[in-house]
Amino acid sequence: MATVHKINEDLVKERQKCTFNVQELTYLLDGGEEVTKERREFENILRNVKELQDEVPEVYLSHKERYENAVRKTCILQNVRNDFEKKREVLSPRNIFRAGYAVIKDVSPFFLHNGMFVPTIIGQGTPEQQAEWLPKAKAMAIIGTYAQTELGHGTFIRGLETTATYDAKTEEFILNSPKVTSYKWWPGGLGTTVNHCITVAQLYINGKKYGIHPFIVQIRDLETHKPLPGIKVGEIGPKMGFATANNGFLGFQNFRIPRKNMLMKNAQVLKDGTFVKGMNEKLTYGTMVMVRVNIVSDSAFHTAMAATIAVRYAAVRHQSQLKAKEPEVQIIDYLTQQHKLFIAIATSHAFSNTYTWLYQAYLKVVEDLGKQKQDHLPELHALSCCLKATSSRDAGVIVEQCRLACGGHGYMASSNLPIIYGYTTAAITYEGEHTVLLLQTARYLMKAWMSALEGKVLAPSVAYLVDWLKSDKQRWQNTPEVIVKGFQHVAAGKIKDAFDAIQKHVKAGKDYEDAWNLASVQLIKASEAHSRAILCDGYLRETVRTSSSVSPSLAKVLNHLVQLYIVYWTLETAGDLLVYSNIGKDDIAVLKEKYEELLALIRPNAVGLVDAFDISDEILQSTLGSYDGRVYERLMEEAMKSPLNKEPVNQSFHKYLKPFIKKAKL
Ligand SMILES: CCCCCCCC/C=C\CCCCCCCCCCCCCCCC(=O)SCCNC(=O)CCNC(=O)[C@H](O)C(C)(C)COP(=O)(O)OP(=O)(O)OC[C@H]1O[C@@H](n2cnc3c(N)ncnc32)[C@H](O)[C@@H]1OP(=O)(O)O
Ligand SMILES: Cc1cc2nc3c(=O)[nH]c(=O)nc-3n(C[C@H](O)[C@H](O)[C@H](O)COP(=O)(O)OP(=O)(O)OC[C@H]3O[C@@H](n4cnc5c(N)ncnc54)[C@H](O)[C@@H]3O)c2cc1C
């Protein structure tokens, strides 16, 4: 029978202080009581699968063993999921992704199968193609990944070099990787796991280039798993994180696939080689838009994980005295610690709220596209780019801040903060590099600004530009609503400045493209300011909306958090606000006090707030962040698992140290 340990007394006291119903907030964050119940039920089942418990912590395994263990466990997870779904509803993607953490400490080698392979078949395949591949892919009879990036090109996908040349005689495409730079590089699971992939390649028909298109390609034999003739595939080696993601490379040599393997929901190639253009060539980029939207939710989750670990640890950890002769203080009582940690909680809420409306906007665009309507696509692209960029970057900063807030113990692998950081920081680069995506949004903002100058009606997310042009800056008040307007003024001011800078360079004789490059630092600043205004506005509006449907005690806490988020960013960007809005020095002084008040208001609820994220110990996998707060005992227990502690004297003593010491001259 498992030993039941006492909960750390500090945590018990913290939980008693909490002023709201933790369960109510969990249901709200999950999207309803039913979702929470489904999640907990599934996590409980996983908890009791003996084969999923690691005898040796993953960190002590070799690269190869770690990968093999991850495959083994992901197969078990998939089987448990299948059994679960036979009896009940299909698990929500969010719940299955979350449970994945309890099983695979790092990233699953199947990550890209569910994350991009299946969604691309859905988003880019015709009904016939979906009927052929979806059932197999969903049942995992075929396992796939998304192979787009090459050694030479990740960002500029129009420059991809893999070719797909149509042969009308055999009704096949011939895939080739003409140079080393055209090798696919990075796709998760490609190394040694998958047998299929979506390959993005340049289409050629009768010597004419038709741009990049997605193809579904079988790369390994389904029985032997050996690469098919004409395929060169392997793993790319160790990285900063993503240890078990099994990222791979892939090259083609005259590799033939049937015509029906080009995913043809958008553009098509007919039997005789006629190319039929789709409604919009950028629809080929659809899977990336979907993943960028989901990364906002991922960022919320990673921030919540780090906040849970660091807040619980800060409640348990005592260090230094505030006053002589008094006991050492819980580190959570240092205001600087609250400054580091409470923004982590609020940021996770800001991203969750943003994801809620962004995902709805995404679904609306997908529905519209089904009716051949694409009016809202540019706005969605601009929003998904800047919100992916900002949420992943903020999450990276926050996770690292949480690690630092745990002092030396945060540096231990067993705190799990290093792995969470490795994961979070990768998201700043993958699915569209940070700067590149900010510049995509900037492109939209420049157009929006021009439309505003021409007096046109703008899409909702940029409508503030029209208000800004029409009215004088609003009189400043230190209310969340006026501060959000202030963020919009900063964004509008920076958008105008960037636009003017481009015009100045063009007037001085530069090409538009060179002028763009010369103004690009201002352009990314404009994009960042736009993101912040969107995040604050959306978070505030969602909080006001949900507050009416929750208990008054919870509404109060949610209100504290959103205010903290807004005031935090006001103080962080005070310089910009002083330049572009009507805020005064005195207002900033008042807001500094307000910020300190908010920290004090959140303080009694800090542990309750992270408990409400409801991240089980199996998912957190952290010596510092477990629910019971047995920090020191767990650190020692984990240390004892080190293979170096399994023998009293390590052989290196006899082999090297002893002779070395003997030879040492005094
Ligand atoms: C075990 C794990 C447990 C996890 C637990 C987490 C729990 C979380 C809880 C819930 C989660 C719920 C679901 C979870 C899902 C998680 C995430 C899924 C996992 C996936 C993991 C991903 C791994 C990484 C994969 C990759 O990286 S794939 C490769 C990605 N590559 C890129 O992104 C390339 C970037 N480059 C581009 O996109 C383009 O090249 C470019 C930069 C946009 C430029 O393109 P192009 O040159 O063609 O265009 P431009 O000339 O610049 O512009 C022309 C016009 O086109 C418009 N445009 C551009 N793009 C688009 C678009 N996509 N859509 C619409 N329009 C577009 C542009 O605006 C221009 O318009 P114009 O009007 O100005 O002319
Ligand atoms: C962990 C991880 C997993 C991945 N998984 C996959 C996967 O499953 N499938 C897949 O296909 N790909 C995958 N990728 C690849 C990923 O999508 C690319 O690395 C990413 O899109 C960035 O492209 P890049 O590497 O070419 O960077 P580059 O574009 O070479 O970036 C280098 C620098 O150049 C700058 N730069 C580039 N273009 C511009 C520009 N136009 N203006 C200004 N600055 C610019 C960037 O800002 C950056 O600072 C993965 C990457 C990582 C790290």
Side-chain angles (χ1 to χ4, degrees), residues 70 74 77 92-117 119-120 145-160 184-190 197-200 211-212 236 239-242 244-245 247-248 250 280-302 304-305 352 355 359 365 374 377-382 384-385 388 422-423 425-444 446-447 516-517 520 523-524 615 619:
T74 315
L77 168 65
S92 72
R94 187 176 179 277
N95 281 352
I96 178 72
F97 268 95
R98 213 175 129 143
Y101 268 118
V103 175
I104 314 294
K105 190 152 180 166
D106 208 305
V107 178
S108 161
F110 294 12
F111 195 39
L112 266 287
H113 175 84
N114 291 317
M116 290 188 88
F117 181 70
T120 306
T145 186
Y146 185 81
Q148 179 172 285
T149 305
E150 296 170 359
L151 264 175
H153 290 95
T155 288
F156 183 60
I157 52 180
R158 277 189 287 138
L160 293 177
K184 297 293 172 193
W185 190 270
W186 270 120
L190 181 61
C197 65
I198 305 292
T199 292
V200 181
I212 54 166
I236 65 172
K239 298 136 292 186
M240 179 172 167
F242 268 55
T244 50
N247 300 91
L250 170 67
N280 177 342
E281 61 180 23
K282 298 305 172 205
L283 291 178
T284 309
Y285 301 180
T287 312
M288 290 183 277
V289 176
M290 179 219 73
V291 176
R292 286 170 195 152
V293 168
N294 279 326
I295 285 173
V296 177
S297 167
D298 245 9
S299 301
F301 188 63
H302 292 141
M305 280 181 92
S352 293
Y355 176 70
Y359 187 61
V365 168
Q374 48 177 330
L377 180 63
E379 186 187 24
L380 175 71
H381 170 55
S384 60
C385 280
K388 180 272 181 187
Y423 197 130
T425 197
I428 304 173
T429 305
Y430 67 57
E431 216 53 62
E433 192 277 331
H434 182 257
T435 306
V436 169
L437 292 193
L438 289 176
L439 288 171
Q440 280 292 312
T441 303
R443 198 176 155 117
Y444 178 80
M446 292 303 101
K447 283 191 169 179
W516 175 271
N517 192 28
S520 57
L523 285 163
I524 61 164
I615 306 174
I619 290 175

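Sequence positions, counted from 1, serve as the residue numbers for this chain. Whatever order the structure lists ligands and atoms in, that order sets their numbers, starting from 1.
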Could you establish whether Lys447 and ligand 1 come within less than 4.0 Å of each other, counting only heavy atoms on the residue side? yes
With a 4.5 Å heavy-atom cut-off, do His381 and Lys282 have their side chains touching? no
Residue by residue, ordered by chain and number, which ones reach under 4.0 Å of ligand 2 with a heavy atom? Leu112, Tyr146, Gln148, Thr149, Gly154, Thr155, Trp186, Pro187, Gly188, Phe242, Asn247, Ala426, Thr429, Tyr430, Glu431, Gly432, Glu433, Thr435, Val436, Leu439
Please work out, at 4.0 Å between heavy atoms, whether the side chain, the backbone, both, or neither of Ile157 comes within that distance of ligand 1. both
If you draw a 6.0 Å radius around CD in Glu281, do more than 12 non-hydrogen atoms from other residues or ligands fall strictly inside? no
Could you work out, for atom 69 (O) of ligand 1, the closest of His381, Arg98, Gln374, Arg158 by heavy-atom distance? His381
Just jot down the salt bridge (Lys or Arg N to Asp or Glu O under 4.0 Å) partners of Glu431, sequence neighbours excluded, or say none. none
Please confirm whether Pro378 comes under 4.0 Å of ligand 1, counting heavy atoms of the residue only. no
Consider ligand 1: state whether an atom of it lies below 4.0 angstrom from any non-hydrogen atom of Glu281. no
May I ask you to list the atoms of ligand 1 that are less than 4.0 angstrom from any heavy atom of Val436? 42 (C)
So, 4.0 Å and heavy atoms of Asp298: is ligand 1 close enough to count as a contact? yes
State if Thr155 counts as touching ligand 1 under the rule of any non-hydrogen atom under 4.0 Å. yes
Give a yes or no on whether the ring-centroid distance for Phe97 and Phe301 is below 6.0 angstrom. no
Of the listed options (His113, Gln148, Met116, Gln440), which comes nearest to atom 31 (N) of ligand 1 when hydrogens are ignored and any heavy atom counts? Gln148
Closest protein heavy atom (residue, atom, distance) for atom 20 (C) of ligand 1: Val291 CG1, 3.8 Å
Does the residue Cys385 have a heavy-atom contact with ligand 1, meaning some pair of atoms that are separated by less than 4.0 Å? no
Report yes or no: does a heavy atom of Tyr423 sit under 4.0 Å from some atom of ligand 1? yes
Donor-acceptor pair, distance only, cut-off 3.5 Å: does the side chain of Lys388 make one with the backbone of Leu437? no
4.0 Å heavy-atom contact, Ile295 with ligand 1: no
Ignoring hydrogens and angles, tell me if any N or O in the side chain of Thr145 forms a donor-acceptor pair with the backbone of His113 under 3.5 Å. no
Number the atoms of ligand 1 from 1 as they appear, then name those within less than 4.0 Å of a heavy atom of Gly154, with their elements. 34 (C)
Residue portion contacting ligand 1 (non-hydrogen atoms closer than 4.0 Å) for Tyr444: neither
